[in-house]
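These notes concern the structure reproduced below.
Lettering follows sequence order; numbering is per chain, from 1.
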2 protein chains.
Amino acid sequence: MADDVMRLLWGPHPQPKRGPKPALTLDGIARAGVTIADAEGLSALSMQRLAEQLGKTKMSLYRYVPGRAELVALMVETAIAAAPEPAAGDWRARLTGWSRALAGVFARHPWLLDATVGPRLMGPNELSWMEHALAALDGTGLTGAERLDAVVLLTSHVRGIALQSRATGAEGPEAQLMAALGEVMRKHGDGYPSLLSAMASAAEPLAQDQALAFGLERILDGLEALITRRAG
Amino acid sequence: MADDVMRLLWGPHPQPKRGPKPALTLDGIARAGVTIADAEGLSALSMQRLAEQLGKTKMSLYRYVPGRAELVALMVETAIAAAPEPAAGDWRARLTGWSRALAGVFARHPWLLDATVGPRLMGPNELSWMEHALAALDGTGLTGAERLDAVVLLTSHVRGIALQSRATGAEGPEAQLMAALGEVMRKHGDGYPSLLSAMASAAEPLAQDQALAFGLERILDGLEALITRRAG
DNA sequence: CAATAACTGCGTCCGGCGGACACTGTTTCT
DNA sequence: AGAAACAGTGTCCGCCGGACGCAGTTATTG
C-alpha cells in the first residue's frame, strides 16, 4: 500500500510498449474523482460511480489505480495543486497569504477535510505547500523543529476554520443542525452560562472570515513575540 | 436524523412500561462501541461486530439506536466524557490545563479525530468542554465572538497535534509511512530545501509534547497580547 | 382470569460497496 | 507468423447498513 501510493504520487510511471493504448490517464481519473467529490462529497465517490462518469466499467479502473485509498491520495494531490507563489513582504505577510490560499483550497474542496485525516504519505504538491510555508520562516531565528511546529499550527487553524465553515454552511441539512443547537441552548442554556453569554454577544452570522483572521493574527502575534525575543 | 441524535444525546429517554425488559442499555452499547473503536479503529466498528461483542444479533441494536451515525454520536459523548474541573490560576493556566486534558482524550481515543469531522450536533459532554474553555476567558475583555474564536483556535491546535501524533506513532504500518517520507526526502529533497533544512535541524523523535506546548504558548502569547492591549 | 396492547429480539432479504480472478481482444515485439 | 504484454469486461465473493415482518414476552385492561 505505502509502496503503491509512493509510486503513484512520486513516480516513475513506466509506460508500456506493447498492448492496446490506455483509454484513460491517471490525471483524467483523478480529475473526474475530484469533480464527483466536489459536487457530492467523498462518500458519494465509489468505483462504480467514477467508472460511469468516465464511460468505462468499474474494474477497468483497477488497471490504473490499485484501490480506492490510492485513488483518494491521487485526488488529494490533484485538488490541492501546487502552492501558489509566495506573496511579497516579510514572513508575516507571506504566511498570511499562504494561510488564506490554503483556506481557499479547503473551501473549494471540502472533502479534503475527510481525505486528510489519518496517517498518509504526502505527494509533491502537498509537500510544496509545506515547503513554501517553511521558506517564509527562513532567517527568522527559529529552530527547525520550531519552524515545523509553526507550520503545523497554521495548518491546523486553517483546517479548523474550514471544518466549522462546512458545519455552519447555510446549505442543506446543516442548517437544521444549527437550528437544533439553538434549540438545545434555549432548553439547556442554564448549564452553559459562558457559552450562552458568548453566543449572545456574538454577531449572528458568525463570519468565517473573521474567525480565520482572528486566529491567524493571534498565531502570528505569538510567533512574532518569540522571534523578536530571540533576536533581541 | 438530527431529531434522533438530539433525542439520544439530550433526552428524554422514555422507558417503556410494557413488554420485555431490555437486555441492553444505551450506555452499555456506547461503551462497547468505544472499546472496539479504541482497539481497532472506527472502521472496524460495524453493527455486526458490535452485536457480537454484546452477545446479541445485529438487528437488535436498532431497537436502541436508529443507525450507525447516531451510534457514533453517542460514542463520542461517552468517550470525551465531561470536561475536568478547571485548574487553579489565571485564564492562561486554566486554558493550558484544558488543552492538555483535551489532548489526553484524543490520545486515548484516536478515532475521535475521524468521528468529529463533518457537521454534527454536540452533546452535553462536548458542550461542557466548550463551556469550560469559554469560562476561562470570562472577564478578559474579549468579545463573545473573540472568545469563541479563541476556543476554536485552541481546539484546532490540539486536534492537529493529535492528528500528527497518530501519523508518527511508532506502532503499526505508520512507521512504514515515515520511512517512505524519509525515502522521498532522500530522493527529492533538492526540490524542498527549506523542508530539508528544517527536518535536518529538528530532533529525531519529533516530540509531540514539544509540538503541543509550542503551539499552545504561541496561541496564548497571541491572546495575551490582545488582552493586555485591550486593557491598557 | 383471559384478552390485548406494547415491546424486545431475531431471521430474512435487499442494494451497494471494494476487490479477486479469469477471460477476450488488441497491439507490438521477436 | 507467432508470442508476449497489455487493456477492458463479466462474474463472483464477503461485508456493510438497513427495511421489514414475525415470534415470544410482559404489563395493563376488561
I need the [atom1]-[atom2] distance between [X] and [N], as an integer number of Å.
X        : N       : atom1 : atom2 : value
Arg49(A) : dG18(C) : CZ    : C1'   : 17 Å
Tyr64(B) : dG18(D) : OH    : P     : 18 Å
Asp4(B)  : dG17(D) : CG    : C1'   : 15 Å
Arg18(B) : dA27(D) : CZ    : P     : 11 Å
Leu54(A) : dA7(D)  : CG    : C1'   : 15 Å
Leu50(B) : dG17(D) : CG    : P     : 10 Å
Arg68(A) : dG19(C) : CZ    : P     : 8 Å
Lys21(B) : dA6(C)  : NZ    : P     : 19 Å

Cationic N near anionic O, under 4.0 Å, Asp114(A) to Arg166(A):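 Salt bridge between Asp114(A) and Arg166(A), a charged N being under 4.0 Å from a carboxylate O: yes.
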Problem set entry | ring pair (Phe, Tyr, Trp, His ring centres under 6.0 Å) partners of residues 9-57 of chain A, not counting sequence neighbours, each pair once |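 Qualifying pairs: Trp10(A)-His188(B).
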Asp38(B) (side chain) donor-acceptor with His109(B) (main chain) under 3.5 angstrom:
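Not at all, since once roles are kept as given, no pair shorter than 3.5 Å links the two residues.
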If only atom types and distance count, is the side chain of Glu70(B) paired as donor or acceptor with the main-chain N or O of Asp4(B) below 3.5 Å?
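Not at all, since once roles are kept as given, no pair shorter than 3.5 Å links the two residues.
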*Interface with DNA chain C, restricted to residues 55-62 of chain A and to heavy atoms under 4.0 Å*: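 Close to the strand are Lys58(A), Met59(A), Tyr62(A).
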Return the residues of residues 32-47 of chain A meeting this criterion: a heavy atom under 4.0 Å from some atom of DNA chain C. Order them by number, or give none.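 Leu45(A), Ser46(A), Met47(A) - these, ordered by number, are the residues of the stretch whose heavy atoms sit under 4.0 Å from the strand.
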Q: Compare all side-chain heavy atoms of Met47(B) with those of Tyr62(B) and state whether any distance is below 4.5 angstrom.
A: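 The answer is yes; the side chains approach within 4.5 Å.
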Worksheet item: Do the non-hydrogen side-chain atoms of Lys56(A) and Leu24(A) ever get within less than 4.5 Å of each other?
Response: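 The answer is yes, as the side chains (C-beta and beyond) meet within the 4.5 Å cut-off.
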Worksheet item: Between His157(A) and His157(B), does a side chain to side chain contact (heavy atoms under 4.5 Å, CB included) hold up when you go through it step by step?
Response: CA-CA 6 Å; His157(A) 171 53; His157(B) 171 53; over 6 Å; no
- Item | Selected nucleotide, minimal atom distance to Gln48(B) side chain, candidates dT27(C), dC7(C), dC16(D) |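 Shortest atom-to-atom distance from the side chain points to dC16(D).
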**OP:** Using only heavy-atom distances, determine whether the side chains of Arg159(B) and Thr116(B) contain a donor-acceptor pair under 3.5 Å.
**Re:**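 Side-chain D/A pair, Arg159(B) to Thr116(B): present.
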Q) Contact class for Arg63(A) vs. all strands (heavy atom < 4.0 Å): base, sugar-phosphate, or nothing? A)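 The answer is base, as Arg63(A) lies within the cut-off (heavy atoms under 4.0 Å) of a base atom.
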Review point. When rounded to the nearest 0.5 angstrom, what is the spacing between OG in Ser197(A) and CZ in Arg147(B)?
Key: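 If we round to the nearest 0.5 Å, Ser197(A):OG and Arg147(B):CZ are 4.5 Å apart.
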